[in-house]
Each structure stands twice: as structure tokens, then as C-alpha cells.
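Following: one structure in C-alpha cells, then a few remarks.
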Amino acid sequence: MFTELKNRGVEDVFIAVCDGLKGLPEAINTTWEQTVVQQCIVHLIRNSFRYAGRQHRDAIVKSLKPVYTAPSEAAAKDRFAEFAAEWGDRYPAIVQLWRNSWAEFVPFLEYDVEIRRVICTTNAIESINARYRRAVRARGHFPNESAALKCLYLVTRSLDPTGGGRARWVMRWKPALNAFAITFAGRLERTTH
């Protein structure tokens with residue numbers, strides 16, 4: 001699939017946010033060698049909840065927040081050591097989960113807050129994919145490819161019928177675009193021509 005995207009004209013990918021699917025980071029880096037593969041922070045936190053009792057979830061999130069909002073990897077390691085000291089005896093699987101995911105988590109810490117804000121999760125993509133699946137399932141089958149594309153187009157348009165959301169997203173992306181231009185100097189200019 002990534003090779004097909006590259007053949008269609010996607011020349012470079014700066015950052016790929018993944019939800020932990022095995023083999024996906026390797027497939028991305030095979031297609032685009034310079035791509036930084038980033039673990040979805042929201043998925044990492046959500047996966048931590050599999051091992052935690054419901055009564056401790058809020059406290060665990062509060063203890064993990066200093067880890068994923070740390071200004072540097074060294075600071076994140078210090079905050080994670082504090083988290084492990086506090087919760088490691090009760091929930092050693094959570095500590096192990098974060099240690100196993102650390103290599104895919106730390107690239108996140110190298111970026112400005114503006115970039116962090118837009119790459120921390122894959123939830124927006126998952127949400128639209130769920131809506132596409134629901135719309136396709138509700139209709140059963142389509143007489144041709146054009147009918148299927150029209151259905152997906154209408155679902156996409158229904159997400160923001162007035163266009164107000166698009167304007168908010170453009171404003172949200174401006175600081176991130178500036179941060180991307182500095183962080184990926186040379187690469188961003190090459191992809192916009």
C-alpha cells in the first residue's frame with residue numbers, strides 16, 4: 001500500500017503516527033527511509049488502561065502526563081522513573097508496556113509543542129474511517145465505483161457541512177506548519193513545489 005502511495009506521488013513523509021500495529025513502522029521506513037515513526041500517545045495511554053483497575057485510571061493519567069509532556073527525553077525518563085516508582089509494584093505490565101514502546105515514543109519529545117499537538121494521536125483518522133465503514137455497511141453494495149465514491153464524499157461533507165471546522169483546522173495548523181518548516185528545513189520546500 002505504501003509503495004502504491006509513493007507511486008501516486010507521495011515523495012516524502014516526515015512523521016507517521018502509528019497505533020502499534022506490528023510491521024507497520026518497518027513497512028513505512030522501507031518506502032520512505034527518512035520517515036520518523038511515532039507511537040500514537042493516546043493509544044499508548046489507552047493500552048495502559050488494559051492493565052489498570054478502573055478506580056486508578058485517573059491517577060495513572062495524571063502520573064503519565066508529565067512523561068508525555070516533558071520538554072526533553074531526559075526529563076521524560078526522570079518522570080517515567082517517578083511513574084514506575086509509584087505504580088510499578090501495582091501495575092508492572094504498564095511500566096513494561098511503556099519501556100517496550102519507548103523507542104517509538106521518544107521522537108515525539110523532539111518536536112515543538114505545535115507539532116506535538118497535531119501528531120499525538122490517530123483518532124481523527126480512525127473516526128472518519130469508522131464513519132466510512134458505517135455508511136458503506138448501511139448501503140450494502142454499490143452498482144459501480146462512482147456510486148461508492150459519491151457515498152464517501154457525502155459522508156466527508158456531512159462531517160463539516162458549513163465549512164467552519166475547516167477554518168478552525170487551518171488556524172490550528174498554521175503554527176504547526178511553521179514548526180514543520182523549521183524542523184524539516186529543505187524537505188518541506190521540496191514537497192511543496
Exercise. Can you check ring-ring contact (aromatic ring centres under 6.0 Å, His included) on F184 and F14, steps first, answer last?
Worked result: CA-CA 8 Å; F184 297 101; F14 302 148; 4.5 Å; yes
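Looking at heavy atoms from C-beta onward, C18 lies in side-chain contact with I28 at the 4.5 angstrom threshold.
By the side chain to side chain donor-acceptor pair (under 3.5 Å) test, W98 is found to be paired with S48, residues two or more places apart in sequence or in another chain being considered. For D78, the side chain to side chain contact (heavy atoms under 4.5 Å, CB included) test picks out no residue, with sequence neighbours left out. Taking the salt bridge (Lys or Arg N to Asp or Glu O under 4.0 Å) definition, one finds that E4 meets it with R8, sequence neighbours left out. T30 pairs by the side chain to side chain contact (heavy atoms under 4.5 Å, CB included) definition with nothing, not counting sequence neighbours. Evaluation of the salt bridge (Lys or Arg N to Asp or Glu O under 4.0 Å) rule for E110 yields no partner, not counting sequence neighbours. Applying the side chain to side chain donor-acceptor pair (under 3.5 Å) criterion to E26, with sequence neighbours excluded, gives no partner residue. Applying the side chain to side chain contact (heavy atoms under 4.5 Å, CB included) test to S158 and every residue at least two apart in sequence or in another chain returns nothing. For Q96, the side chain to side chain donor-acceptor pair (under 3.5 Å) test picks out N100, with sequence neighbours left out.
Residues L154 make up the rest of the hydrophobic cluster containing Y153, defined by ILVMFWY side-chain heavy atoms closer than 4.5 Å, directly or through other members.
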Donor-acceptor pairs are to be reported for all side-chain atoms of residues 59-70 against protein atoms at under 3.5 Å, with residues two or more places apart or in another chain.
residue: S63; atom: OG; partner: A59; partner atom: O; Å: 3.1
residue: S63; atom: OG; partner: E86; partner atom: OE1; Å: 3.2
residue: S63; atom: OG; partner: W87; partner atom: NE1; Å: 3.1
residue: T69; atom: OG1; partner: K65; partner atom: O; Å: 2.6

What pairs of donor and acceptor atoms, side-chain ones from residues 130-142 against any protein atom, are under 3.5 angstrom apart with sequence neighbours left out?
residue: Y132; atom: OH; partner: T156; partner atom: OG1; Å: 2.6
residue: R139; atom: NH1; partner: A135; partner atom: O; Å: 2.9

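Applying the ring-ring contact (aromatic ring centres under 6.0 Å, His included) test to pairs two or more places apart or on separate chains, those with a residue in residues 21-40 are F2-W32.
The heavy-atom pair separating R99 from A84 by the smallest distance is NH2-CB, 4.3 Å.
Counting non-hydrogen atoms of neighbouring residues, nucleotides and ligands closer than 6.0 angstrom, the CG atom of D89 reaches no more than 12 such neighbours. Summarising the local packing, CG of N7 is surrounded by more than 12 heavy atoms from other residues, nucleotides or ligands at distances under 6.0 Å.
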